[in-house]
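Take a look at the structure set out below.
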Amino acid sequence: MARGGQGLARVAVVVRAGAAPLWWFGVLAAGVGVVPPGLTGRRIGVLAGAALFIVTAVVVAYTRRKRYTERSRSVVKAGKHDVLQDRAVTVRNWRRGHRWWILLAFFAAVLSAFVLPAAGGMALAGAGVGLRLKAAWLGRRERAEDTLLWLRVDWLDQRGGRPAGKTVKGYRGTGVAAGDAAPGGTRRRTAALV
């Protein structure tokens, strides 16, 4: 980067990047998982899956919130030479880095259906919902503080994730109009760009 600038990725976009693939692979695994009756029967499997869906969503949504809060308290303003990474690039990097883990989780969820029908897929979908809830929580913080949260790209792990990991020393901040993602990591509506 020129003159000491660094590449920055949006924290909420990194968090939200896994929500859609986990949700859709979870829904697919749950749909396939309803076919075999399993050891417990479909009714028990679906009820257990519903409970797993809720528990997984809550656990994923609330995990590491303290770390995000601590790092967002000491936000440093982004420099004028810092380069803001596009939302699509951040999402693509995360998904490429985690594709084998997601596929492995999908196959594990499908195989678990022979014991507990649909439960594994519903847990996987719950993880996707949990990530979306966490990103929405970050978006509410960003709106309340009128600051978008960014982190250095080189502080992410090799798979493009862990935005609150031990290597992350702190976040940088910009105004809410910066970048191509709205608070919470969603795509900006074209009307907002005009």
Side-chain angles (χ1 to χ4, degrees), residues 1-2 5-29 56-57 60-61 63-64 67-68 71-72 75 78-110 121 123-143 147-193:
M1 305 292 154
Q6 292 158 332
L8 303 178
R10 275 289 300 288
V11 176
V13 172
V14 177
V15 170
R16 192 183 175 94
L22 288 172
W23 166 259
W24 289 114
F25 275 106
V27 168
L28 183 61
T56 305
V60 170
T63 301
R64 295 192 176 153
R67 286 190 185 185
Y68 288 100
R71 284 161 177 77
S72 65
V75 172
K80 68 177 184 176
H81 296 294
D82 288 335
V83 178
L84 306 180
Q85 191 174 75
D86 288 343
R87 179 186 183 276
V89 174
T90 304
V91 170
R92 185 177 65 237
N93 290 344
W94 191 97
R95 290 181 182 172
R96 279 185 182 166
H98 291 83
R99 65 183 178 267
W100 298 114
W101 291 105
I102 292 172
L103 284 173
L104 185 64
F106 169 73
F107 287 121
V110 170
L124 195 59
V129 169
L131 289 176
R132 191 172 292 253
L133 291 173
K134 185 182 286 186
W137 169 75
L138 282 167
R140 288 191 298 276
R141 287 190 65 91
E142 289 176 328
R143 283 188 193 92
T147 302
L148 298 181
L149 301 174
W150 301 78
L151 77 154
R152 286 173 44 174
V153 174
D154 59 330
W155 285 349
L156 293 169
D157 68 5
Q158 294 176 341
R159 295 185 302 273
R162 296 186 61 89
K166 293 179 181 177
T167 58
V168 179
K169 311 283 189 294
Y171 295 146
R172 301 220 180 149
T174 63
V176 291
D180 64 344
T186 59
R187 278 193 200 100
R188 276 195 200 280
R189 294 187 179 134
T190 51
L193 296 174

Quiz item: Which residues satisfy the ring-ring contact (aromatic ring centres under 6.0 Å, His included) test with Y68, sequence neighbours excluded?
Solution: none

Practice problem: Answer yes or no: is there a donor N or O on one side and an acceptor on the other, between the side chain of R99 and the main chain of R96, under 3.5 Å? | Solution: yes

Self-check item: Donor-acceptor pair, side chain of R162 and main chain of D157, under 3.5 angstrom
Solution: no

Quiz item: What's the shortest heavy-atom distance between E142 and V176, and which atoms?
Solution: O-CG1, 4.3 Å

Quiz item: Do the non-hydrogen side-chain atoms of R10 and R87 ever get within less than 4.5 Å of each other?
Solution: no

Quiz item: Around R187, counting heavy atoms of other residues, nucleotides and ligands shown, do more than 12 lie under 6.0 Å from its CZ?
Solution: no

Quiz prompt | Spacing of Y171 atom OH and W155 atom CH2 [to the nearest 0.5 Å] | solution = 10.5 Å

Quiz item: For G160 and W94, which heavy atoms make the closest approach, and how far apart are they?
Solution: O-CD1, 3.4 Å

Quiz item: How long is the span from the CG atom in L124 to the CZ atom in F25, to the nearest 0.5 Å?
Solution: 9.0 Å

Quiz item: Can you name the nearest heavy-atom pair linking V75 to G173, along with the distance?
Solution: CG1-N, 3.2 Å

Self-check item: Between OG1 on residue T167 and CG on residue L151, distance to nearest 0.5 Å
Solution: 8.5 Å

Practice problem: Please answer whether the main-chain N or O of V168 pairs with a side-chain N or O of R71 as donor and acceptor at a distance below 3.5 Å. | Solution: yes

Quiz item: Taking only residues two or more places apart in sequence, or in another chain, which ones meet T147 in a side chain to side chain donor-acceptor pair (under 3.5 Å)?
Solution: none

Quiz item: Are W101 and R159 side-chain neighbours, meaning at least one heavy-atom pair lies under 4.5 Å?
Solution: yes

Exercise. Measure the CG-NE2 distance between L103 and H98 for me, rounded to the nearest 0.5 Å.
Key: 13.0 Å

Quiz item: Hey, is CH2 on W23 packed in by over 12 heavy atoms from elsewhere, all under 6.0 Å?
Solution: no

Practice problem: Can you measure from CD (Q85) to CG (D180) and round to the nearest 0.5 angstrom? | Solution: 10.0 Å

Practice problem: Measure the spacing between CG of L133 and CG of L138 and express it to the nearest 0.5 Å. | Solution: 11.5 Å

Quiz item: Which pair of non-hydrogen atoms, one from T56 and one from A127, has the smallest distance, and what is that distance?
Solution: CG2-N, 3.5 Å

Practice problem: Search all heavy atoms of V14 against all heavy atoms of G161 and return the closest pair with its distance. | Solution: CG1-CA, 4.0 Å

Quiz item: Which heavy atom of A9 sits nearest a heavy atom of T90, and at what distance?
Solution: CB-OG1, 3.9 Å

Practice problem: Using modelled atom types only, decide if a donor and an acceptor are shared between the side chain of K134 and the backbone of R64 within a distance under 3.5 Å. | Solution: no

Quiz item: Under 3.5 Å, is there a donor-acceptor pair between the side chain of R95 and the main chain of A17?
Solution: yes

Quiz item: Side-chain contact, heavy-atom cut-off 4.5 Å: Q6 with V83?
Solution: no

